[in-house]
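A quick write-up on the structure given underneath.
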Amino acid sequence: MTVKIGVPSKGRLMEKTFDWFGARGLTMRRTGNDREYAGTVEGMEGVSLVMLSASEVPRELAAGRIHLGVTGTDLVRETLAGWDEIVEEVAPLGFGHADLVIAVPAVWIDVDTLDDLDAAAAAFRAAHGHRLRIATKYHRLVRDFLQENGVADYALVDSLGATEGTVANLTAEAVADITSSGETLRANHLKTLSDGLVLQSQACLFRSRMAPPEGVPALLERLGL
Ligand SMILES: Nc1ncnc2c1ncn2[C@@H]1O[C@H](COP(=O)(O)OP(=O)(O)OP(=O)(O)O)[C@@H](O)[C@H]1O
Ligand SMILES: O=P(O)(O)OC[C@H]1O[C@H](OP(=O)(O)OP(=O)(O)O)[C@H](O)[C@@H]1O
């Protein structure tokens, strides 16, 4: 039986994923021309590569269409309710580090904590007649985090990209997004709340609990896991 490994097909995680497997004796390569999302694995029989967008890996693991997959912990926890019953986090890979944070306009000098945000949200609603809007693509993680921390008077607005721009564009008052260097937040005149860290993410190797396990233990052993 073939063990299928889903790996990011491009972008920031692909090359580092290839390097990580390569260092453990499994050589992964894209095949075909630059734009073709196909790849091969050398170094072990019965292993095949499935090239996917990082954000599609959680769904493919959940469907059992891939046995193993590389993606960010943020994408697994956001996409899969009850994620740890669906997948097992086999190993953190040491790259793709990013923090999911809540950020507000830097000019809000009296808003530095979640408590301050809660107060600002109540005042905002009283003044404007609608809830303070937080733009994000991480709805599940942000909703759970704000609930745990007692912030209630807000509305999430969906943002699929360029989230930090929504405040200047007047489509949101605050954002919840991934940051690594902090450059994008700074450039958009936003600041992170001091207790606004929702999740620290990195790329991990996940195993599907929904796919038949044959072949997977031998491969994990081969990878030294
Ligand atoms: N600076 C960063 N910005 C965004 N994501 C980052 C950053 N650093 C690491 N990551 C992680 O990379 C993963 C997303 O990777 P990427 O953007 O390549 O995937 P994607 O959104 O599925 O891309 P696409 O759909 O364009 O293929 C997430 O797990 C995220 O946490
Ligand atoms: O802290 P920094 O190092 O500045 O990185 C963070 C930025 O990078 C990501 O955007 P990406 O390039 O994936 O584009 P996106 O807006 O489409 O998500 C993320 O959404 C932030 O906007």
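Given the structure is predicted, the values throughout are model-derived calculations rather than measurements. First listed ligand is number 1; within each ligand, the first listed atom is number 1.
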Notebook entry, point to check: Should we count CD of E15 as having more than 12 external heavy atoms under 6.0 Å?
Noted result: no
Next item on the list: Determine whether the side chains of T73 and S201 contain a donor N or O and an acceptor N or O closer than 3.5 Å.
Entry: yes
Item checked: For R77, the option from V198, D144, D84, L199 that meets side chain to side chain contact (heavy atoms under 4.5 Å, CB included) -> L199
Margin query: Quick check on side chain to side chain contact (heavy atoms under 4.5 Å, CB included): which of K4, E60, M210 does R65 satisfy it with?
Written below: E60
Backbone or side-chain N or O of [X] under 3.5 Å from ligand 2 N or O:
X    : value
L160 : no
T184 : yes
I178 : no

Next item on the list: Tell me which part of R12 gets within contact of ligand 2: side chain, backbone, both or neither, using heavy atoms under 4.0 Å.
Entry: side chain
Item checked: Under 3.5 Å: donor-acceptor pair, side chain of D118, backbone of L114 -> no
Item checked: T166 side-chain N/O to T163 backbone N/O, donor-acceptor pair under 3.5 Å -> yes
Thinking salt bridges, do [X] and [Y] make one under a 4.0 Å N-O criterion?
X    : Y    : answer
R131 : E173 : no
K191 : D112 : yes
R140 : E78  : no
E42  : R29  : yes

Under 3.5 Å, N/O to N/O: give me all the pairs between ligand 1 and the protein, one per line with atom names and distance.
unit_1   : atom_1 : unit_2 : atom_2 : d
ligand 1 : 1 (N)  : S180   : OG     : 2.9
ligand 1 : 5 (N)  : R12    : NH1    : 3.4
ligand 1 : 17 (O) : R12    : NH1    : 2.9
ligand 1 : 22 (O) : S53    : OG     : 2.9
ligand 1 : 22 (O) : A54    : N      : 3.4
ligand 1 : 22 (O) : S55    : N      : 3.0
ligand 1 : 22 (O) : S55    : OG     : 2.9
ligand 1 : 25 (O) : S53    : OG     : 3.1
ligand 1 : 27 (O) : S53    : OG     : 3.4
ligand 1 : 29 (O) : D74    : OD1    : 2.7
ligand 1 : 29 (O) : D74    : OD2    : 3.4
ligand 1 : 31 (O) : D74    : OD1    : 3.3
ligand 1 : 31 (O) : D74    : OD2    : 2.6

In terms of residue, atom name and distance, what is the protein heavy atom nearest to [atom]?
atom                    : value
atom 18 (O) of ligand 2 : K137 NZ, 4.0 Å
atom 22 (O) of ligand 2 : E164 OE2, 2.8 Å
atom 17 (O) of ligand 2 : G161 CA, 3.7 Å

Check: Tell me, which pairs form a salt bridge (charged side-chain N to carboxylate O under 4.0 Å, His left out) where one or both residues lie in residues 181-190, sequence neighbours left out?
Finding: E183-R186
Item checked: Exercise check, heavy-atom protein proximity under 4.0 Å to atom 20 (O) of ligand 2 -> yes
Notebook entry, point to check: Got a protein heavy atom sitting under 4.0 Å from atom 3 (O) of ligand 2?
Noted result: yes
If you count the atoms of ligand 2 from 1 in the order shown, which ones are under 4.0 Å from a heavy atom of [X]?
X    : result
D177 : 19 (C), 20 (O), 21 (C), 22 (O)
S181 : 1 (O), 2 (P), 3 (O), 4 (O)
A162 : 15 (P), 16 (O)

Note to self: To the closest 0.5 Å, what do you measure between CZ (F21) and CE (M28)?
What the structure shows: 4.0 Å
